[in-house]
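Chain A is the first sequence line, chain B the second, and so forth, proteins listed ahead of strands; every chain is numbered from 1.
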Amino acid sequence: MITSVKGTRDLLPPDTRVWNRVEAVAREVFALYGFDEIRTPVLESTELFVRSVGESTDIVHKEMYTFTDRGDRSVTLRPENTAGVARAYVEHAMAQAGRPWKLYYIGPQFRYERPQKGRYREFRQIGAEVLGAADAAADAELLVMLFDFLLRLGFTGVSVSLNSVGTEATRPAFVDAIRSFFSSNEKTLGDDDRRRLAENPLRVLDSKDPAVRQLVASPGFPKMVDLLPTLDPASDAHYRELKVLLVASNVPFKEDPLLVRGLDYYTRTVFEMTAEGLGAQNALLGGGRYDKLVSDLGGPKTPGIGFAIGEDRLIDVLPEAFRKVTIDDVRPVTLIPLDRNDVADALVLAKELRGAGFAVDVVTAAKGPGYGLKVAERSGAAVAILLGQKEREERTANLKDLAGRTQEVIPRAGLIEALRARL
RNA sequence: GUGGGAGUAGCUCAGUCGGUAGAGCGUCGGAUUGUGGUUCCGAAUGUCGCGGGUUCGAUCCCCGUCUCUCACCCCA
C-alpha cells in the first residue's frame, strides 16, 4: 500500500468542511480590515530563506526541504511565508504604490522535522502582513484583527504575549548583558543552553531547563525592555504607544520580557499565543515586526509586521461549537429513484431543486427504497424524496422526514415550498 | 539529528510459554423484492508493517528497516 509521505496527512470530510469554514472566516474578517490575498509559490530559491529567516536558525540549517532541480538550481519548499511575501513585494516593486500593503495568505508550509503532536512536515499557516507601515498603530490594528478572527471562531479568554526585542542598536548590548549574567553561573547551564549562549544567546530565554528558567526569571536577569529607554528611545516609544493602543482597543495581552522568537528577522514588536491541549508544541500563532527584512532582500527600506497562525493547531483546539455547527451545516435533500426507469425523473427534479438553492444528492444506484433510505440517512440528509413509477405518473413526490420518520405525498408543483418549510 | 512507546480484519483491541489467528464495532446478505434508525439469523474479512536470521516450524524469539506516536532540539 502506498501511504502518504511521513509527516504529511490527508484531510477528509467532514473535517474539510471545518477547514474551509475557518479559512472563509479568515477571508471575511481580513477583508473587513482592508487586507487582500497574496499567493506566492510553494517553491522558492533556497537563498531567499537563508537570507531572510537566518542562517543561524534551526529552520535553515536543518529543517528545510531543499533539493536541486533539473536545471541545477537549489530550491526549497517554503518553511514559512513571510519571506515569500517580502520577495514578491520587492520583485514587483510594490513599494511604488505609495501606500502600505495589507496582505494575507493561506497555504501549506514545509519543514523537515520529526513529526509529533501539533507538528507536521506539511502544515498550513494563515498569515497576514502589513508592508510599508512603521507606526505602532499598524501593530495594534493587526492584533485587533487577529483577536476579531479568534473571537469569531468562538475562542474566549485568550490573550497574547507581547515583548519588544529592540533593533540592531540594542541587540548587541542585550546579548552582552545576557552573556555577562551567565558568566558568573555558567555551570548551571546544560549542554543545550551552553550551545545557545554561544550561537544564539536570545534563545536561552526560553530554555526548558527548570534551573535556567529560574535564573532567567530572577529580578537580576537583564531585560530588553529595560535597555530600550536609554539605548533606543524610538523603539521604547513604539512599544509604549503600542501598549496604549492595545489597551484602548481592548486587546488582551500580557507582557513577557522572556519572549523571543526563532526567526532572525524580527525587530521591535514580537508576540505569540499558546494554547492548552497542543502538547509540547503549544505555540498557536506568532508574529512580529520586521523592519529590516525587505531591505535585506535588496528592496527599498520598508517596515513590515505580520503574524502566522498554525492552522493545523488552530483546528486542533477549535471550540467544539464552531466545529459542530460547521459540520451540521450541509443537510442535503436526497432523491431516491426506486428503479432504473425513475433515474431520469430524479435527475430532472434534482436540477430543478438545485436551481432553487437546495443541496441535492441523487442515489444513482436505484436499488430500491431500503438501500436508498440507508444511503440518505448515512450521508446526513434531513429529508429524502422517493421517486417511483407512481410518483412519476401522478406528478407527485413522496417526501420523507428522516429524523421524524414521517412521510407525505406532495404534488410536484408544491414541492419547493414544502422543502423550504422543512429545511 | 537524539530518546521512549506502538504496529494483528475498515476501526478499537485480545491472543498464541513458538504449531500459520479471534472479539466488539463496522461492512455485506437474509427475516422485510415500494420504506432506513431497533431486533434476530447468516457471511466475508487478514501476505499478524516489511526484509533477514534462529528453528522441523516464527504473528510470537533475535537483528535490521519502515511507519505511527510522544518527548528533546526547534517552531506554527
Side-chain angles (χ1 to χ4, degrees), chain A residues 1-9 53-54 56-64 78-82 105-127 190-193 195-196 199-200 202-203 206-209 260-264 271-275 278-288 306-317 334 336-339 341-342 363 366-381 383-392 398-407 409:
Chain A
M1 183 171 52
I2 298 172
T3 57
S4 70
V5 169
K6 183 186 178 88
T8 69
R9 54 186 187 147
V53 175
S56 70
T57 61
D58 273 24
I59 290 179
V60 168
H61 81 247
K62 66 176 216 196
E63 295 174 2
M64 294 209 301
R78 63 186 183 200
E80 57 100 49
N81 218 145
T82 300
Y105 59 83
I106 298 173
Q109 319 291 336
F110 301 83
R111 291 183 199 172
Y112 192 88
E113 304 175 271
R114 287 280 287 266
Q116 69 184 71
K117 187 173 176 58
R119 183 164 69 198
Y120 310 99
R121 289 184 171 181
E122 181 194 29
F123 60 104
R124 292 105 192 141
Q125 286 186 331
I126 298 176
D191 289 345
D192 279 338
D193 286 313
R195 179 180 53 76
R196 284 178 175 132
E199 289 173 11
N200 196 344
L202 295 189
R203 298 239 54 89
D206 53 13
S207 170
K208 284 182 180 174
D209 184 332
V260 289
R261 307 208 23 83
L263 284 59
D264 281 357
F271 55 88
E272 182 174 285
M273 188 183 286
T274 57
L278 286 176
Q281 308 308 316
N282 62 352
L284 182 61
L285 61 90
F307 65 73
I309 303 169
E311 191 178 3
D312 303 73
R313 294 180 184 179
L314 180 75
I315 284 172
D316 245 15
V317 296
T334 301
I336 304 172
L338 297 179
D339 183 271
N341 297 323
D342 305 311
V363 182
K367 282 161 63 177
Y371 175 78
L373 287 167
K374 202 154 68 177
V375 169
E377 196 205 350
R378 289 174 183 184
S379 61
V383 300
I385 295 174
L386 296 174
L387 298 169
Q389 186 179 2
K390 209 167 88 184
E391 288 79 6
R392 179 157 34 90
N398 188 339
L399 182 63
K400 281 191 75 81
D401 179 327
L402 289 170
R405 300 180 72 74
T406 58
Q407 68 178 33
V409 175

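- At a cut-off of 3.5 angstrom, the base of B/A76 holds at least one donor-acceptor pair with the side chain of A/Glu113.
- Atoms CZ and OH, from A/Arg121 and A/Tyr112 in turn, are 4.0 Å apart once rounded to the nearest 0.5 Å.
- A donor-acceptor contact under 3.5 Å is formed by the side chain of A/Lys62 with the base of B/C73.
- Protein atom CG of A/Asn81 is 16 Å distant from nucleotide atom C1' of B/C75, rounded to whole Å.
- For A/Glu80, the salt bridge (Lys or Arg N to Asp or Glu O under 4.0 Å) criterion is met by no residue, not counting sequence neighbours.
- Residue A/Arg119 is in base contact, counting any heavy-atom pair closer than 4.0 Å across all strands shown.
- Within 3.5 Å, a donor on the side chain of A/Arg111 pairs with an acceptor on the base of B/A76, or the reverse.
- Comparing B/G46 with B/G15, their C1' atoms sit 15 Å apart, to the nearest whole Å.
- Between the side chain of A/Arg313 and the base of B/C75 there is at least one donor-acceptor pair of N/O atoms closer than 3.5 Å.
- Applying the salt bridge (Lys or Arg N to Asp or Glu O under 4.0 Å) test to A/Asp58 and every residue at least two apart in sequence or in another chain returns A/Lys62.
- Scored by the salt bridge (Lys or Arg N to Asp or Glu O under 4.0 Å) test, A/Glu113 finds A/Arg119 as partners (sequence neighbours excluded).
- Partners of A/Asp206 according to the side chain to side chain contact (heavy atoms under 4.5 Å, CB included) rule, which considers only residues two or more places apart in sequence or in another chain, are A/Arg203, A/Val260.
- Between B/A21 and B/G4, the distance separating the two P atoms is 34 Å to the nearest Å.
- With values rounded to the nearest 0.5 angstrom, A/Ile315 atom CD1 is found 10.5 Å from A/Ile309 atom CD1.
- The C1' atoms of B/U20 and B/A9 are separated by 16 Å, rounded to the nearest whole Å.
- Figure legend: cation-pi geometry between A/Arg9 and A/Tyr120, with NZ or CZ positioned under 6.0 Å from the six-membered ring centre and within 45° of its axis.
- Rounded to a whole angstrom, the distance from the P atom of B/U27 to that of B/G36 is 15 Å.
- With sequence neighbours left out, the side chain to side chain contact (heavy atoms under 4.5 Å, CB included) criterion links A/Arg392 to A/Asn341, A/Asp342, A/Asp345, A/Gln389.
- One interatomic measurement links the two molecules: CG of A/Leu278 to C1' of B/A76, which rounds to 10 Å at whole-angstrom precision.
- For B/U8 and B/U33, the C1' atoms lie 40 Å apart once the distance is rounded to whole Å.
- B/U39 and B/G34: their C1' atoms are spaced 22 Å apart (whole Å).
- Summarising the geometry, the separation between CE on A/Met64 and P on B/A76 is reported as 15 Å, rounded to the nearest angstrom.
- At B/A71, one or more side-chain N or O atoms of A/Gln116 fall inside 4.0 Å of OP1 or OP2 (strictly under the cut-off).
- Note that CG of A/Leu399 and CG of A/Leu386 are 9.0 Å apart. Values are rounded to the nearest 0.5 Å.
- The side chain to side chain contact (heavy atoms under 4.5 Å, CB included) check on A/Asp316 picks up A/Lys117, A/Leu278, with sequence neighbours excluded.
- Annotation: side chain to side chain donor-acceptor pair (under 3.5 Å) contacts of A/Gln109 (sequence neighbours excluded): A/Arg78, A/Asn81.
- The nearest whole Å value for the distance from the CG atom in A/Leu284 to the C1' atom in B/C75 is 13 Å.
- Taking a pair as Watson-Crick or G-U with both hydrogen-bonding distances under 3.5 Å, the stems of three or more pairs touching RNA chain B are B:1-7 with B:66-72, B:10-13 with B:22-25, B:27-31 with B:39-43, B:49-53 with B:61-65.
- Rounded to whole angstrom, the span from the CZ atom of A/Phe123 across to the C1' atom of B/C75 amounts to 8 Å.
- Using a 4.0 Å heavy-atom distance criterion, A/Gln109 is classed as making no nucleic acid contact.
- B/A6 and B/U59 are spaced 15 Å apart, taking the C1' atom of each and rounding to whole Å.
- Residues satisfying the salt bridge (Lys or Arg N to Asp or Glu O under 4.0 Å) criterion with A/Arg114, sequence neighbours excluded, are absent altogether.
- B/U32 and B/G22 have their C1' atoms separated by 32 Å, with the value rounded to a whole Å.
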Quick one: which protein N/O atoms are closer than 3.5 Å to N/O atoms of nucleotides 3-11 of chain B? Pair and distance per line, please.
unit_1, atom_1, unit_2, atom_2, d
B/G3, O6, A/Arg114, NH2, 2.8

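- Place A/Gly279 and A/Gly7 on RNA chain B by their nearest nucleotides, and A/Gly7 ends up nearer the 5' end.
- Residues passing the ring-ring contact (aromatic ring centres under 6.0 Å, His included) test with A/Tyr371: none are found, sequence neighbours excluded.
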Contacts under 3.5 Å, N or O only, protein and nucleotides 27-36 of chain B:
unit_1, atom_1, unit_2, atom_2, d
B/U27, OP1, A/Arg378, NH1, 3.1
B/U27, OP1, A/Arg378, NH2, 2.9
B/G34, O6, A/Lys390, N, 3.2
B/G34, N1, A/Glu391, OE1, 2.9
B/G34, N1, A/Glu391, OE2, 3.2
B/G34, N2, A/Glu391, OE2, 2.6
B/U35, O2, A/Lys400, NZ, 2.8
B/U35, O2, A/Gln407, OE1, 3.4
B/U35, N3, A/Gln407, OE1, 2.8
B/U35, O4, A/Asn398, ND2, 2.8
B/U35, O4, A/Gln407, NE2, 3.4
B/G36, O2', A/Glu377, OE1, 3.1
B/G36, N1, A/Leu402, O, 3.0
B/G36, N2, A/Leu402, O, 3.0

